[in-house]
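First up is the structure itself, then whatever we jot down about it.
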Amino acid sequence: MQLLKPIFCFAGLAALLLFAGCGDDMGGAQRPCESDFDQQSLFTHIAEEIILPGYAALELSANNLHAAAFDFAEAPSTQTLADARAAFETAYLSWQEVAQFEFGPAEAVALRATLNNFPLNASALESKIDGEDYDFTNPNTFDKGFPALDYLLYGLGDGSEEAVSAQFADAKYATFLTEQTAFIADAAKTVSDAWKNGYRDQFVVNEGTAAGASLSQIINGLNEHYEMIKRDKIGIPAGVVTLGFTNPDKVEAPYSGLSLSLAQRALLAAERFYLGIGQDGQNGPGLDDYLEAVNATKEGESLNARIQQQFEAAKAALEAVPAPLRTAVDDNNDLAVTAYNEITKQIVNIKTDMPSVLCVAITYIDNPSDSD
């Protein structure tokens with residue numbers, strides 16, 4: 001029987017998108033759009049075991065960060081700074097778990113852009129501190145959020161504990177730090193509460209494959225953030241998308257040296273989300289099960305198996321890059337580029353093949369500097 005050919009449609013700003021159908025190399029179920037896969041079971045598991053616990057963990061870690069930042073601002077010392085730094089690392093890693101859920105409540109408040117626009121514009125941040133400007137709501141600026149805290153807790157003066165602590169004798173820095181951490185904690189609570197108080201129920205019953213349906217939201221959310229891992233966290237610093245000119249200062253956390261750990265956590269979170277692995281480590285319904293249910297294949301091989309294999313290859317390549325990433329992009333550029341390439345190989349699997357066989361359109365607009 002002749003397989004269905006790809007159908008192309010326009011979505012968003014007239015972007016040409018691969019939609020329903022399975023090409024000759026995709027194989028799979030003859031009518032995947034009519035699969036009887038239990039979407040509500042998938043959405044329930046994702047909401048209750050991945051998203052809600054993820055936001056709860058971010059809210060808790062953000063509250064702990066604010067408390068530690070307040071203690072440091074009130075009494076700067078080696079110990080209070082160490083406590084604030086430890087709380088910052090925990091909260092920043094927690095953020096990586098939920099950054100891919102930029103839909104629903106998170107999209108409504110532009111959570112990702114508000115909390116993690118990087119690279120930081122340090123001069124704009126210093127101007128903000130000097131002007132005692134505590135408005136952190138503009139998603140289009142690069143002077144706030146976790147990148148600002150990375151600078152404040154690790155980048156002042158020569159970055160030593162003594163230099164950072166000494167700077168906080170200036171009340172403007174102390175106040176800015178506590179105002180910023182309070183804002184992060186409040187933003188995390190806002191999104192977490194929205195999921196608990198209504199959006200979870202909307203998400204679970206929002207079946208179908210159309211744009212705006214929960215399946216479309218999770219596939220687009222996964223893909224958009226995965227591309228940010230590839231491009232912003234690795235590609236731009238390593239010079240892959242800038243004609244070979246490295247950009248070490250454009251890593252995600254240049255002052256703390258957490259860049260590689262953050263990228264690794266984000267990649268792991270993407271894999272676990274795809275597999276339906278909850279925050280407690282238990283495996284439940286995931287996109288992998290959906291692909292198996294519609295018998296999705298590519299070149300005679302299980303598409304799900306290919307995706308899982310490429311996640312493993314990407315993680316291994318990223319783990320081979322020595323920390324800190326800010327130094328590695330110059331001193332071990334070949335390893336950084338290899339990691340970028342392995343991460344990139346997954347794009348066709350999850351952005352083209354998976355949406356096609358599940359009849360979901362990619363609706364977000366690619367960054368014009370992107371290079372697949």
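For the ring-ring contact (aromatic ring centres under 6.0 Å, His included) with Phe43, the qualifying choice from Phe203, Tyr199, Tyr290 is Phe203, the only one to do so. Each of Asp135, Asp133, Asn121 was scored for a side-chain hydrogen bond (donor to acceptor under 3.5 Å, both in side chains) with Lys128, with one residue passing: Asp133.
For the atom pair CG (Asn349) and CD1 (Ile307), the distance works out to 5.5 Å, reported to the nearest 0.5 Å. Distance check, rounded to the nearest 0.5 Å: CD of Glu161 to OG1 of Thr80 gives 10.0 Å. With rounding to the nearest 0.5 angstrom, the CD atom of Glu227 is 3.5 Å from the OH atom of Tyr364. Here the CZ-OG1 distance, from Phe103 to Thr363, works out to 11.5 Å after rounding to the nearest 0.5 Å. Atoms OG1 and NZ, on Thr242 and Lys250 in that order, are 7.5 Å from each other to the nearest 0.5 Å. For the atom pair Ile234 CD1 and Lys230 NZ, the distance stands at 12.0 Å (nearest 0.5 Å).
With respect to the salt-bridge test (charged N to carboxylate O, under 4.0 angstrom), the residues Arg112 and Glu224 qualify. Between Lys345 and Glu342 there is a salt bridge, since at least one side-chain N of the basic residue sits less than 4.0 Å from a carboxylate O of the acidic one. Using a 4.0 Å cut-off between charged side-chain N and carboxylate O, Lys196 and Asp193 make a salt bridge.
Two residues are said to be in side-chain contact when any heavy atoms from C-beta on lie closer than 4.5 Å; Tyr340 and Val321 fail this criterion. No side-chain heavy atom of Arg326 sits under 4.5 Å from any side-chain heavy atom of Pro237.
Note on Val109: it does not cluster hydrophobically with Phe142, by side-chain heavy-atom contacts below 4.5 Å among ILVMFWY residues. Clustering ILVMFWY residues whenever any of their side-chain heavy atoms sit less than 4.5 angstrom apart, transitively, puts Met228 in a cluster other than the one holding Tyr226.
Within the cation-pi definition used here (under 6.0 Å to the ring centroid, within 45° of the axis), Arg272 does not qualify as a partner of Phe311.
Between Phe176 and Phe136, the ring centre distance stays below 6.0 Å. For Phe273 and Phe101, the ring centers are positioned less than 6.0 Å apart.
The aromatic rings of Tyr92 and Phe88 are tilted relative to each other, their planes meeting at an angle between 30° and 60°.
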